[in-house]
Novice: 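I have a structure I would like to understand better, so I am pasting it below and will then ask my questions one at a time.
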Amino acid sequence: MSANRKKLIALSIVVLVGLCAGLGTWLAFLSTGTSGSDSAKLGGAVLLGVVATGIAAVALFGFKDDGLTPQQQGVIAGDGRVIRQ
């Protein structure tokens, strides 16, 4: 798998975690009686904070190419055997 694809997957996970954290914060504050706009501001702040921290962490990590094309990688069976297509 290429380094760019690995980065894309890592950043996608970061965004999904950020969305979950922001939505959870928004729902938690909304359920305690905080106004809708204040809850949205807090949820957005948490979303931006988590995503910014995640992007910084992903940027610091070095991704490398496997050096194999998708045809060379094959499929790994449940017992560890590599099945070539």
Side-chain angles (χ1 to χ4, degrees):
M1 188 181 318
S2 71
N4 287 336
R5 183 170 291 184
K6 290 177 185 178
K7 283 183 186 178
L8 179 65
I9 291 170
L11 290 174
S12 299
I13 292 170
V14 165
V15 169
L16 287 175
V17 168
L19 285 172
C20 290
L23 183 63
T25 303
W26 174 71
L27 286 174
F29 278 95
L30 191 62
S31 67
T32 61
T34 308
S35 70
S37 63
D38 287 341
S39 298
K41 288 177 191 176
L42 290 168
V46 169
L47 168 67
L48 289 177
V50 170
V51 170
T53 305
I55 288 174
V58 169
L60 291 174
F61 187 74
F63 291 93
K64 297 187 179 188
D65 287 334
D66 292 341
L68 299 175
T69 64
Q71 290 80 18
Q72 292 172 330
Q73 288 178 2
V75 179
I76 298 176
D79 58 357
R81 293 180 295 118
V82 176
I83 303 170
R84 300 279 178 202
Q85 295 179 350

Novice: What heavy-atom pair brings Lys64 and Lys6 nearest, and what distance separates the two atoms?
Specialist: O-NZ, 2.9 Å
Novice: For Ala3, which residues count as a side-chain contact (heavy atoms from CB on, under 4.5 Å) partner, sequence neighbours excluded?
Specialist: Phe63, Asp65
Novice: In residues 7-27, what donor-acceptor pairs under 3.5 Å come from side-chain atoms, sequence neighbours left out?
Specialist:
{"from": "Ser12", "atom 1": "OG", "to": "Leu8", "atom 2": "O", "distance (Å)": "2.7"}
{"from": "Thr25", "atom 1": "OG1", "to": "Ala21", "atom 2": "O", "distance (Å)": "2.8"}

Novice: Please list, one pair per line, the donor and acceptor atoms closer than 3.5 Å that link side chains of residues 36-45 to other protein atoms, with sequence neighbours excluded.
Specialist:
{"from": "Asp38", "atom 1": "OD2", "to": "Ser35", "atom 2": "OG", "distance (Å)": "3.2"}
{"from": "Ser39", "atom 1": "OG", "to": "Leu30", "atom 2": "N", "distance (Å)": "3.3"}
{"from": "Ser39", "atom 1": "OG", "to": "Ser35", "atom 2": "O", "distance (Å)": "3.0"}

Novice: For residues Ile55 and Leu47: do they belong to one hydrophobic cluster (side chain heavy atoms under 4.5 Å, members Ile, Leu, Val, Met, Phe, Trp, Tyr)?
Specialist: yes
